[in-house]
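Worksheet: the structure to be examined is printed underneath.
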Amino acid sequence: MGKQRERSTVKTVRRRVGGLVVVGLTTGTALAAGVGPASASSHREAPLTAGDPKIDNTDLYAFVSPDKKDTVTLISNWLPFQEPNGGPNFFPFQDGAHYDINIDNDGDAVADLIYRWIFTTQDDRGTNTFLYANGPVTSLQDENLLFKQTFTLQKIVDGDVENATTVASGQAAPSDIGDATMPNYRKLRDSSFEDVTGGGRTFAGQADDPFFLDLRVFDLLYGGNLKKVGTDTLSGYNVNSIALQVPKSELAIAGDATKNPVIGIWSTTSKQTLTLSPGKAEPTGEHVQVSRLGNPLVNEVVVPTGLKDAFNSIDPATDHTVTEVVNKVLEPELPQLIESIYKVKAPATPRNDLVEIFLTGIAKKAPTLDNSTAPIQADLNSQILNQDADATRFVPSEMLRLNMAVAPTKKPNRLGVIGGDFQGFPNGRRLGDDVLDIALQAVEGAAQTGKIVPALKAGDKVNANERRFGSIFPYLRPPNTSMPVSYKAKSIDMQPTSAQAVAEIPSGPSSSSPPSPGGNAPALAGGLGLLLAGAGTCTLVRGRRIRLQPAVQPA
C-alpha cells in the first residue's frame, strides 16, 4: 500500500537570495551540526557491521550538483578501510543485498522514494586461477577481467516494492588492482556510468575514501592534550561507493522543488540470513535491515554501544520513541568528556539545539520534543518548510536533510553553515565539508551562540581530503593503488652460520639421546643450517625485488 497523504499548505517565510527562493535564512545566525569527534563517520561503528564490512555504511552525502544546478547528487559509501593491495578477492559488493538510498520529502519519517541497487557476481576464476584478472584489462567486457559485478537500480515509490521500476542496469566498476592489470582505470570507471530513467546518472564501484579526519580521537580525545592531531588516518584507503545524480523534481513533493525544496535522506543495507555449510554460505529468508546512516557521527558518538546494532535495524519513524537514544541527544556524553579533559565547560542541558539538528531539521517552528521554542531561530532544512507538507503529520526522526533551493557557492567553506556557507553541512553534506571540526564547535553550543569556541578552533588540523575532488559527476576520486606512506618490512637479519656450527649439528639421532618427537627434525635442521649459510642475509622490501646477499660459504 502506498502512503496516504492528506496535506495542508504550510505557510513559510521565504526570501530571494541570488535570484533563488531560499527558505528564510537569518543573517548573523551561526548554525552547525554533529555531536563531536568519532570514528570515520560510520566506519566500524557497531559490533555487527564491524564483522560484516560489505554491508557497513560509512558515509552519506547529499548536495546540489555544482555543475548541474537543477540536479541533486546523492553518494553513499560502504565497506571501510580497503587497503589497496588487499587481494586476491579485493572488495566486491554483497550479492543480493539491498543497498538503498531513502528519501522522505514530507517529514513523516517514512520513505517516499527508495533507490535500490542489487548486485550479482560473475566469477570466472573457478579452479583455474587465483587472479582477479589474468592480463591487462582495457574494458569492462575484457575477457581478462575474471571477476565482474552487475547491478540493477530500482525506484520504489511509497513503499510499493511489487511495482518497483527498474530505472538503470549496468556493470559496477571493478576494484583497481594496479597499473599492470588496469593501465587506464579512469577509462574503466567512466565507462561504467549509466543513465537513469527520468534523467540523471548512476555509478557503483570503488573510490578513494572521501572522508578526512584524525582518528586518534579515541586516545582520550587526541591524547588528552590535543597534540595527537594533523594526520588524515583515512588517507590512502578506499571504499565502495554508489552515486546517483537526478533532477530535483524527481525528489520533491509533487515534482515541485520550488514549493517543496527540503528532503530528508538516509541510506540502509538489508540482507538475508546466511545458512552455512562446509564451503558454502547460502542466503535464505526475508531481507533484514542491518545498517543505516543519516547524519555523520550519530551512531558512533550519540548512540551507546549496547544500542548501536538496534539503531542500525530500525526506521527513522521509531527514533523519537527510543528514550535511551533521545536522552543521549538531550544530554550528550561528549561535552562532559571534553569538559573533564580540556576544561571547556559543557553547555547547559537539555540540548534542544541538537534535537533540532538531528531529529527535526532547522526551522523557527521546528517541533521540539518538550514543546519549547526551537533554539536555532532560522528556517533552513526542515520538511515542515515544504508548502505541500502536512505539518500535523511531522515525525521527529534522524536523517540528513537538504534544502535543494540553496544554490552552491563558487567558493565553498569547509565549515559549511557555521562558516557562512548555507549549502554545506548540516544543510546536506558535501564531500569537502569538514564534519569533525564543525561537530567540535556544535557540541560546545556554537549553533546557539553564533560564536566559535576558541579552545577548539583548530579542530583536528585535518582540513581537507589528501586528493582534490572532481568537478563533475561522480566527484569522487578514483581508488588509491598504494598507501601514502610506503611500508618497508624490517630486514631479517639471518646471521651466516659458520662451518664449525654446521658441523656441530647432528645429522641423525644419537644413540646417547632419546629420539626426537619430530623424527627427522635434526636432519632437517642440518639442511636448514647449510641453506642459511649459503643464503646469508635476506632483505624484504615491499614492492621491490627480493635480494639475497652472498654470505660466508662453509669450508
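Computed from heavy atoms alone, side chains included, the values below leave out hydrogens, waters and symmetry copies. Remember, it's a predicted structure, so these values are computed and weren't measured experimentally.
Shortest non-hydrogen contact noted between L215 and T233 is N-OG1, 2.7 Å. Nearest heavy atom pair, residue I384 against residue A363, reads CD1-CB, 4.0 Å. Across all their heavy atoms, F358 and V329 have their closest contact at CD1-CG1, 4.4 Å. In this structure, D433 and F212 approach most closely via the heavy-atom pair O-CZ, 3.7 Å. Of all heavy-atom pairs between P347 and P335, the closest is CD-CB, 4.2 Å. Shown here for N260 and I253, the closest heavy-atom pair between the two residues is ND2-O, 3.2 Å.
Separating the CG atom in N413 from the CZ atom in R430 is a distance of 7.5 Å, to the nearest 0.5 Å. K54 NZ to D56 CG: the interatomic distance, rounded to the nearest 0.5 Å, is 13.5 Å. Here CD of Q94 is found 10.0 Å from OG1 of T269. Values are rounded to the nearest 0.5 Å. Note: E356 CD to T368 OG1 = 8.5 Å, rounded to the nearest 0.5 Å. Here S471 contributes atom OG and D67 contributes atom CG; the two are 7.0 Å apart, rounded to the nearest 0.5 Å. Once rounded to the nearest 0.5 Å, the distance linking CG of L400 with CD1 of I263 reads 9.0 Å.
Within the 4.5 Å cutoff, side-chain heavy atoms of I376 are placed close to those of I357. For the pair N102/T268, a side-chain contact is recorded, criterion being any heavy-atom separation below 4.5 Å from C-beta on. Inter-residue side-chain proximity for P332 and R351 is flagged as met; some heavy-atom pair is nearer than 4.5 Å. Using a 4.5 Å cut-off on side-chain heavy atoms (C-beta onward), D390 and D106 make no contact. Side-chain contact between N105 and Q383: absent, with no pair of heavy atoms (C-beta onward) separated by less than 4.5 Å. Put simply, the side chain of L113 reaches to within 4.5 Å of the side chain of V157, judged on heavy atoms. Inter-residue side-chain proximity for D112 and D158 is flagged as met; some heavy-atom pair is nearer than 4.5 Å. Annotation: side chain of I103 is in contact with side chain of L74 (closest heavy-atom distance under 4.5 Å).
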(message) For D104 and I265: C-alpha separation, side-chain torsions, deciding distance, then whether side-chain contact (heavy atoms from CB on, under 4.5 Å) applies.
(response) CA-CA 7 Å; D104 171 28; I265 312 102; over 6 Å; no
(request) Decide yes or no on side-chain contact (heavy atoms from CB on, under 4.5 Å) for K328 and L307, but give the supporting numbers first. (result) CA-CA 11 Å; K328 287 296 184 179; L307 295 176; over 6 Å; no
(message) Between D388 and K259, does the salt bridge (charged side-chain N to carboxylate O under 4.0 Å, His left out) criterion hold? Intermediate values first, please.
(response) CA-CA 7 Å; D388 292 331; K259 292 172 59 180; 3.5 Å; yes
(request) Start with the C-alpha distance between F151 and I242, add both sets of side-chain angles, then the distance that settles side-chain contact (heavy atoms from CB on, under 4.5 Å), and finish with yes or no. (result) CA-CA 11 Å; F151 69 86; I242 289 176; over 6 Å; no
(message) Is there a side-chain contact (heavy atoms from CB on, under 4.5 Å) between L431 and I75? Walk through the geometry before answering.
(response) CA-CA 9 Å; L431 295 173; I75 297 173; 4.2 Å; yes
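A donor atom on one side chain and an acceptor atom on the other are found under 3.5 Å apart for Q82 and N240. Side-chain contact of N480 with N238: a donor-acceptor pair under 3.5 Å is present, judged by distance alone. A donor-acceptor pair shorter than 3.5 Å can be found between the side chains of N465 and D208. A donor-acceptor contact closer than 3.5 angstrom is absent between the side chains of Q289 and S270. If you check the side chains of N427 and N403, you find no donor sitting under 3.5 Å from an acceptor. Between the side chains of S382 and T360, no donor-acceptor pair of N or O atoms lies under 3.5 Å. In this model, no donor atom of one side chain and acceptor atom of the other lie less than 3.5 Å apart for T409 and D421. Under 3.5 Å, the side chains of W78 and S291 contain no donor-acceptor pair of N or O atoms. The closest side-chain donor-acceptor pair between N77 and D209, if any, does not fall under 3.5 angstrom.
The backbone N or O of A243 lies less than 3.5 Å from a partner atom in the side chain of T202, making a donor-acceptor pair. Counting only distance, with no hydrogens or angles, the side chain of D460 and the backbone of D214 share a donor-acceptor pair below 3.5 Å. Using modelled atom types, no side-chain atom of K248 and backbone atom of T258 make a donor-acceptor pair closer than 3.5 Å. Side chain of S235 to backbone of D232: no donor-acceptor contact under 3.5 angstrom is found. Remark: side-chain polar atoms of R201 are not paired, donor with acceptor, to backbone N or O of P474 under 3.5 angstrom. Although no hydrogens or angles enter the test, the distance criterion places a donor-acceptor pair under 3.5 Å between the side chain of S397 and the main chain of V395. Not a single donor-acceptor pair under 3.5 Å links the side chain of R477 to the backbone N or O of P210. Judged by distance alone, with hydrogens and angles left aside, the side-chain atoms of N295 form a donor-acceptor pair with the main-chain N or O of M399 at under 3.5 Å. Listed for the N381 side chain is a donor-acceptor partner under 3.5 Å among the backbone atoms of I362. Under the 3.5 Å distance criterion, the side-chain polar atoms of Q245 are left unmatched by any main-chain donor or acceptor of G200.
The aromatic rings of H98 and H287 lie parallel to each other, their planes meeting at an angle below 30°, with 60° marking the opposite boundary. The aromatic rings of F473 and Y475 stand perpendicular to each other, their planes meeting at an angle above 60°, with 30° marking the opposite boundary. Classified by interplanar angle (parallel below 30°, tilted 30° to 60°, perpendicular above 60°), the ring pair F119/Y99 is perpendicular.
Within a 6.0 Å sphere centred on CD of E339, other residues, nucleotides and ligands contribute more than 12 heavy atoms. More than 12 heavy atoms of other residues, nucleotides or ligands shown are found within 6.0 angstrom of NZ on K155.
Under the 6.0 Å distance and 45° angle rule, R429 counts as a cation-pi partner of Y61.
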